[in-house]
Amino acid sequence: MLDIRLLRENPDSIKQRLANRGGEHASLVDQVLEIDTQRRSAETERQKLQGDRNRISKEIGIAKKNGQDTSAIEAEVRGIGTRIDEIGRDADASDVKQRDLLLSIPNLPHEACPVGHSAEENPEVRVWGTKPAFAFEPKDHTAIAGALGMIDFEAGVKITGSAFVVYKGAGARLERALINFLLDLHTMQHGYQEISPPLLVKPECLVGTGQLPKFGDQVYHSPEDDLYLIPTAEVPVTNLHREEIVSHDKLPINYAAYTPCFRREAGSAGLGTRGLIRMHQFDKVELVKITTPETSVAELETLTGHAENVLQLLGLHYRVIELCTGDIGFGSTKTYDIEVWAPGQGAFLEVSSCSSFGDYQARRMNLRFKDENGKNRIPHTLNGSGTALARLFVALVETYQQADGSILIPEALRGHFRAEKIG
RNA sequence: GGAGAGAUGGCUGAGUGGUCGAAAGCACAUCUUUGCUAAAGAUGCGUAGCCUUAACAGCUACCGAGGGUUCGAAUCCCUCUCUCUCCGCCA
């Protein structure tokens, strides 16, 4: 959520920066400002009337104590009360409307975020490693894992539906080894505290991180309980401190959480046609940071480095790209995507998206921190995948496939997998 | 699921219709004093909004949440949420 004061003071520069995202946001800004004017005038009027009522009511109390008749003055205050109700309804309605509008305006891209219209204009930041060479034609992960009995795509469809999958045997064990490897790396080497959150959350949490109200159709919902299945651990973990004022000496807060993630992927093309690449349910280890505004830019680099370290340790070729203003997410100010090379696909797959949200999420969830001077300020929130599991699985299987159809387990993972190869 | 108790400021805890945004204590901050590593005193010490300002100040709202009664609600009524205790059930 943007600060209404920023909008009041610099509406034109806000519109300009939002325009870099593409899409039509200027009229939303105008609407908010119009409502804001109405809201404030109603609010001022209401408060003046409330002040009148308080003062006169106090006089009634005193008069009654002195045994005086107060019926006339009571009638007067009754009239004020009616006015307060009327004006109050207007003020409250404007308030709700203003908040709704603010919640539907995306975040401002950071000054450092490259300006561009679409994914084609995302600059490549760096590349690590090289494409592995094969003495044979590398196979697709569905073929390799299928042959080894690691994944049963048909069973997933049978018990749930398309874009759900059943891991079996070495496949399930590889998935579990990866989870443990990632959690151990981030908690023991990178200094994150491990969190194991609920997978169902209240709607307020999704409002806090920005999925609601705009993207409700992408999230699974249980209407009986009004609970949502999390699309990412970012939601419960960032919301751990919703409505809180944390002390400055607690910052930065660093959390790592493994959870399954659930996404409806409504409107996504190609679902279920490419093995593990786009699923309704997938595992992910998520990194979340809450920082001071002064350190968030540097922390985004650190966070991205932690995610990259995963791929480096596993010996997987990857590149880092920065998303341009036309491609960054709704709440993000600046985003790096990490894409791992999958030889069987002949393509890079996005396994991590690392973003700084500035104060956008924190303002939505009323998260604040008390600084050294005792002032309440709004912290910055960041998150990044460290990393998504299904696509990491794909890259790993396709990169380490052998001519005989077996899969070599990279050195760093052997302690967790407890074997050197599959097949 | 059943029965009971409760929810007040960072914490403890008073307050059952009229200067209560809320006593007192603790904690915390600043200052003073004595002095020595502890104590005494003074002052300050919630959040948000509105209106203003150079700044201070002022006004309004908030005593779990929402609604109601009333000229006036922390206080009375209703609904909900949560916590605790006991019983039942369950992993």
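Just so we're on the same page: letters track the sequence lines, and every chain starts at 1. All values below come from the heavy atoms of this structure, side chains included, with hydrogens, waters and symmetry mates left out. For clarity, every value in this text was computed on a predicted model and none was experimentally measured.
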**Q.** 5' precedence on RNA chain B between Thr44(A) and Ile62(A) (nearest-nucleotide basis)
**A.**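 Comparing both residues, the 5'-ward one is Ile62(A).
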
Q. Taking the nucleotide of RNA chain B with the closest heavy atom to each, which residue, Lys48(A) or Ile245(A), is nearer the 5' end?
A.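 Residue closer to the 5' terminus by nearest nucleotide: Ile245(A).
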
Q. Looking for any heavy atom pair under 4.0 Å, which part of the strands does Arg46(A) touch: base, sugar-phosphate only, or nothing?
A.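 It contacts nothing in the nucleic acid.
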
Q: Determine the contact category for Arg55(A): base if any of its heavy atoms lies under 4.0 Å from a base atom, sugar-phosphate if only primed atoms, P, OP1 or OP2 are that close, otherwise nothing.
A: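 Here Arg55(A) touches no strand at all.
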
**Q.** First and last nucleotide of RNA chain B, 5' to 3', lying under 4.0 Å from heavy atoms of chain A
**A.**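 Contacts span G18(B) to G72(B), reading 5' to 3'.
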
(Q) I need the full list of salt bridge (Lys or Arg N to Asp or Glu O under 4.0 Å) pairs touching residues 349-363 of chain A, with sequence neighbours left out, sorted by first then second residue. (A)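 Pairs touching residues 349-363 of chain A that pass the test: Asp3(A)-Arg363(A), Asp359(A)-Arg363(A).
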
Q) Can you give the dot-bracket line for RNA chain B, using ( ) for pairs inside the strand, [ ] for pairs that cross earlier ones, | for pairs with another strand and . for unpaired bases, where Watson-Crick and G-U count if both distances are under 3.5 Å? A) ((((((((.[[[..)..(.....]]].((((((.....)))))).(((((.......))))).[[[[[..)....]]]]])))))))....

**Q.** Centroid separation Tyr220(A) to Tyr228(A) less than 6.0 Å
**A.**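 Centroid distance Tyr220(A)-Tyr228(A): not below 6.0 Å, so no.
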
Q: Please tell me if the side chains of Ile328(A) and Cys113(A) come closer than 4.5 Å, counting only heavy atoms from C-beta onward.
A: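 SC-SC contact between Ile328(A) and Cys113(A) confirmed.
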
Q.
Any non-hydrogen side-chain atom of Asp36(A) less than 4.5 Å from a side-chain atom of Arg8(A)?
A.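 Contact flag for Asp36(A)/Arg8(A) side chains = yes.
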
Q) Just by modelled atom types, is the Phe348(A) backbone N or O under 3.5 Å from a matching donor or acceptor in the Glu339(A) side chain? A)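 No, because the side chain of Glu339(A) does not come within donor-acceptor range (under 3.5 Å) of the backbone of Phe348(A).
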
(Q) For the backbone of Glu243(A) and the side chain of Asn366(A), can you confirm whether one donor and one acceptor N or O come within less than 3.5 Å of each other? (A)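 Such a contact is absent between Asn366(A) side chain and Glu243(A) backbone.
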
